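Please read the structure below before turning to the comments.
As the structure is a computational prediction, the values presented were derived from the model and not from experiment. Chain identifiers are assigned alphabetically (A, B, ...) following the order of the sequence lines, protein sequences preceding nucleic acid strands; residue numbering begins at 1 within each chain.
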Number of protein chains: 2
Amino acid sequence: MKSNQITIKDIARELDISPSTVSRALKDHPDISPKTKKQVRELAEKLNYQPNSIALSLRSSKSNTIGVVIPQVVHFFFSTIISGIEDIAYAAGYSVMVAQSNESYDREVMDTKALFNNRVDGILVSMSRETTDYGHFESLHNRGIPMVFYDRVCDPIDCSKVVVDDFDGGYRATKHLIDEGYKRIAHLAGPDSLHMFRQRLEGYKKALQEHGLPIDESLILAENASDDENVAKKLTEHLLELDERPDAIFANNDIAALGAMITIKEHGLKIPNDMGIVGFSNWRFTSLTEPTITTVAQPGFEMGQEAARLLIAAIEAKKDEVITSVTKVLKTELVVRGSSVRG
Amino acid sequence: MKSNQITIKDIARELDISPSTVSRALKDHPDISPKTKKQVRELAEKLNYQPNSIALSLRSSKSNTIGVVIPQVVHFFFSTIISGIEDIAYAAGYSVMVAQSNESYDREVMDTKALFNNRVDGILVSMSRETTDYGHFESLHNRGIPMVFYDRVCDPIDCSKVVVDDFDGGYRATKHLIDEGYKRIAHLAGPDSLHMFRQRLEGYKKALQEHGLPIDESLILAENASDDENVAKKLTEHLLELDERPDAIFANNDIAALGAMITIKEHGLKIPNDMGIVGFSNWRFTSLTEPTITTVAQPGFEMGQEAARLLIAAIEAKKDEVITSVTKVLKTELVVRGSSVRG
DNA sequence: AACGTCATCGCAAACGTTTGCATAAACTAC
DNA sequence: GTAGTTTATGCAAACGTTTGCGATGACGTT
């Protein structure tokens with residue numbers, strides 16, 4: 001069984017008219033007689049004709065496809081973003097091509113090239129951890145293909161970006177703890193190299209300052225790996241051994257928050273009464289622990305949606321040449337749960 | 001700045017030779033003189049020529065793209081599968097187009113149609129929960145486009161499939177509990193409608209029988225929703241109130257296992273000494289609870305890889321016409337943790 | 001009768017690439 | 001010097017679709 005895709009030519013031959021007439025009839029062109037239109041439409045229906053979008057792409061140099069470069073699909077936050085992208089793209093008639101960089105710079109370079117070769121109409125990208133050279137982005141950008149960065153953005157490239165307000169997230173988390181009456185709030189910070197972690201730290205500091213609390217550097221401990229609960233456990237041990245131990249911990253991510261929580265409980269302290277905890281990211285498990293963990297929800301779905309919207313707008317407004325780059329900052333949402341509210 | 005994609009024609013014009021010569025030179029055709037080849041290659045390099053794969057697709061009627069229909073990208077298991085698919089596809093030079101059905105039959109129908117219109121070379125699909133009519137699959141299959149089902153397979157369609165051995169997973173989980181000395185093992189079963197949940201239940205039963213333990217229907221409670229810990233909590237309450245309460249629970253998924261664990265602890269019972277627990281799926285949090293939860297790991301990544309391999313094989317062997325359909329059954333892996341091993 | 005106006009349709013080019021065939025020049029062999 | 005062979009290149013068609021322009025014929029108008 002060979003592939004029997006029916007083309008406009010088949011319909012034309014069958015009806016003994018020209019392909020052009022078929023094409024026009026199919027799009028209800030006024031030049032075509034109602035009778036011919038009817039014939040064409042009925043035959044197309046009967047044969048289940050589907051336009052060959054590759055031919056369309058070639059002719060119009062538009063593929064109606066957007067490429068997505070993503071560090072890791074398996075991470076909840078990122079897969080949520082994909083979901084948001086897919087949502088908007090689908091509604092706008094675009095297909096989504098996904099390329100996973102696996103946090104590798106080399107893969108990222110190849111991915112962008114592959115997507116470009118596939119003639120995607122635009123590219124959404126979140127940088128890999130390794131990426132420090134931006135040549136591949138610049139080259140794409142210079143060729144005029146629309147791109148939008150999301151989450152891990154590349155500042156030097158002049159295009160639209162969507163980020164989450166990590167500063168505000170850190171601020172809200174800390175302010176919440178303050179509002180709940182905690183006085184000595186520690187912070188388990190993420191690796192200094194990543195922008196978002198620094199922002200969360202800054203938000204934390206601002207909240208303290210704004211409420212007249214001192215910034216005690218001995219209460220700010222940095223993890224080098226943000227996904228390892230054991231590191232968080234060790235840091236928490238350290239915090240608990242301080243002469244003046246903290247009465248709350250704001251962790252840069254939920255895994256760390258959980259690690260802290262486990263350690264605190266091991267020391268016989270009660271959460272939230274003896275110590276409050278707030279995490280970051282709203283992982284699924286935070287609503288399943290005892291107590292449930294207060295955390296900062298990142299708007300992954302909305303981020304994907306917004307990035308897709310910006311990209312599609314850039315793609316479709318390309319004729320006008322006046323695509324002003326915007327940077328959307330999405331607000332986080334504090335999800336208050338048991339680990340930070342004293343009865 | 002209009003899109004300045006360099007084509008073979010540009011190179012030809014520049015060098016004052018014909019496009020055919022350029023094309024041949026680029027693929028090292030023996031007809032072309034070394035001198036010309038050198039010139040062409042150097043100019044192509046300099047101009048950073050990239051072949052237009054849309055034109056290639058049109059000519060060869062091969063897009064080097066595979067379509068993936070997936071119920072939900074945000075689920076860990078599914079995103080892991082995507083990762084596996086992407087891994088193999090990338091290595092084989094294919095791009096991956098993702099369409100999310102959101103568990104909706106209508107979306108699934110539109111997704112398959114959209115992928116077909118985009119002329120993907122083959123399709124990987126996992127059915128939505130709603131799907132009971134298979135017309136859209138049949139129509140694709142009749143058109144001769146290769147497809148492979150993964151996880152949620154469609155039995156009536158004659159094509160390759162990749163599933164995980166839920167029966168064996170249920171068996172192993174239960175056998176493990178038996179081996180650890182538990183005697184009265186309850187099962188929190190998933191909704192009866194889904195094949196995989198029935199399989200896990202059957203594996204559970206087989207393990208009991210094989211070890212001379214009675215199958216007590218009062219210890220088998222079905223959830224209607226498999227993602228809600230509250231349901232699991234209620235069912236566990238019920239189990240604990242039985243005259244002869246079970247001394248272990250095999251839950252059909254990790255959320256349920258966690259719900260059970262919380263409830264058991266609330267009743268003052270010790271895990272694993274008073275009661276053992278095994279979950280299913282190896283969610284991230286299962287290694288972060290107290291105690292950590294023994295669970296059955298599903299090989300999502302391998303499943304994606306295997307499905308992609310089978311599909312690509314089918315695509316590339318199409319000339320031979322002898323594509324025998326195979327059904328791959330992937331084994332699960334028991335991850336033994338704290339919730340089921342008495343000290 | 002000659003001309004203009006429509007309505008309806010086909011031709012051909014174009015998108016970028018590949019490839020069978022023809023062509024031209026250059027060389028070999030007698 | 002003629003025929004034959006090799007080497008290197010170009011032409012044109014094809015993939016499926018769209019679209020500007022031209023063609024055809026019917027009809028109405030003077």
Side-chain angles (χ1 to χ4, degrees), chain A residues 2-41 43-44 47-65 116-121 143 145 318, chain B residues 2-41 43-44 47-65 93 116-121 143 145:
Chain A
K2 48 178 307 205
S3 65
N4 289 320
Q5 321 297 27
I6 320 117
T7 76
I8 264 192
K9 294 187 182 179
D10 298 325
I11 299 180
R13 198 176 326 109
E14 186 95 5
L15 258 37
D16 202 32
I17 55 180
S18 84
S20 355
T21 305
V22 176
S23 170
R24 279 189 261 253
L26 253 16
K27 16 190 47 108
D28 211 22
H29 193 286
D31 269 6
I32 306 300
S33 73
K35 184 181 147 223
T36 307
K37 279 183 189 167
K38 188 157 173 288
Q39 285 182 326
V40 169
R41 273 200 284 254
L43 187 57
L47 264 39
N48 194 12
Y49 164 77
Q50 301 281 18
N52 183 327
S53 51
I54 291 190
L56 286 177
S57 297
L58 181 58
R59 175 144 228 283
S60 61
S61 51
K62 179 135 188 347
S63 62
N64 275 291
T65 300
F116 172 77
N117 281 2
N118 274 345
R119 295 300 191 273
V120 293
D121 292 334
R143 283 164 189 267
I145 121 152
K318 238 194 136 187
Chain B
K2 46 177 311 204
S3 65
N4 290 322
Q5 322 296 29
I6 319 118
T7 76
I8 264 192
K9 294 187 182 179
D10 297 325
I11 299 181
R13 200 177 322 110
E14 186 95 4
L15 258 36
D16 201 31
I17 54 181
S18 84
S20 355
T21 304
V22 177
S23 170
R24 280 188 261 252
L26 253 17
K27 9 192 51 105
D28 210 23
H29 193 286
D31 271 5
I32 306 299
S33 72
K35 183 180 146 222
T36 308
K37 279 184 190 168
K38 186 157 175 289
Q39 286 183 324
V40 170
R41 274 202 282 254
L43 186 57
L47 263 40
N48 193 13
Y49 164 77
Q50 302 281 19
N52 183 327
S53 52
I54 291 189
L56 285 177
S57 297
L58 181 57
R59 175 142 230 282
S60 61
S61 53
K62 181 138 186 347
S63 61
N64 275 292
T65 299
F116 173 77
N117 282 1
N118 275 352
R119 294 302 190 271
V120 293
D121 292 335
R143 282 165 190 269
I145 122 152

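Smallest separation of non-hydrogen atoms from L43(A) and L15(A): CD2-CD1, 3.4 Å.
Between T7(B) and N52(B) there is no side-chain heavy-atom pair separated by less than 4.5 Å. V40(A) is not listed as a side-chain neighbour of I32(A), based on a closest heavy-atom distance of 4.5 Å or more. Here the side chains of D10(A) and Y49(A) are not in contact, with every heavy-atom distance at 4.5 Å or above.
In this structure, a donor-acceptor pair under 3.5 Å is absent between the side chains of S53(B) and N117(A).
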Compile the donor-acceptor pairs under 3.5 Å between side chains in residues 21-28 of chain A and protein atoms, sequence neighbours left out, one pair per line.
{"residue": "T21(A)", "atom": "OG1", "partner": "S18(A)", "partner atom": "OG", "Å": "3.2"}
{"residue": "D28(A)", "atom": "OD1", "partner": "K37(A)", "partner atom": "NZ", "Å": "3.1"}

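If you check every strand for non-hydrogen atoms under 4.0 Å, L58(B) touches a base. At a threshold of 4.0 angstrom between heavy atoms, the contacts of T36(B) are confined to the sugar-phosphate backbone, with no base atom among them.
On the nucleic acid side, DNA chain D has its first and last nucleotide under 4.0 Å of a heavy atom of chain B at dA8(D) to dG16(D), going 5' to 3'.
Taking the nucleotide of DNA chain D with the nearest heavy atom to each of K27(A) and D31(A), the more 5' of the two is matched to K27(A).
Side-chain N or O atoms of T65(B) include one that pairs as donor or acceptor with a backbone N or O of S63(B) at under 3.5 Å.
Here the NZ-CG distance, from K62(B) to L56(B), works out to 11.0 Å after rounding to the nearest 0.5 Å.
At a non-hydrogen distance threshold of 4.0 Å, S20(B), S23(B), R24(B) from residues 10-26 of chain B come into contact with DNA chain C.
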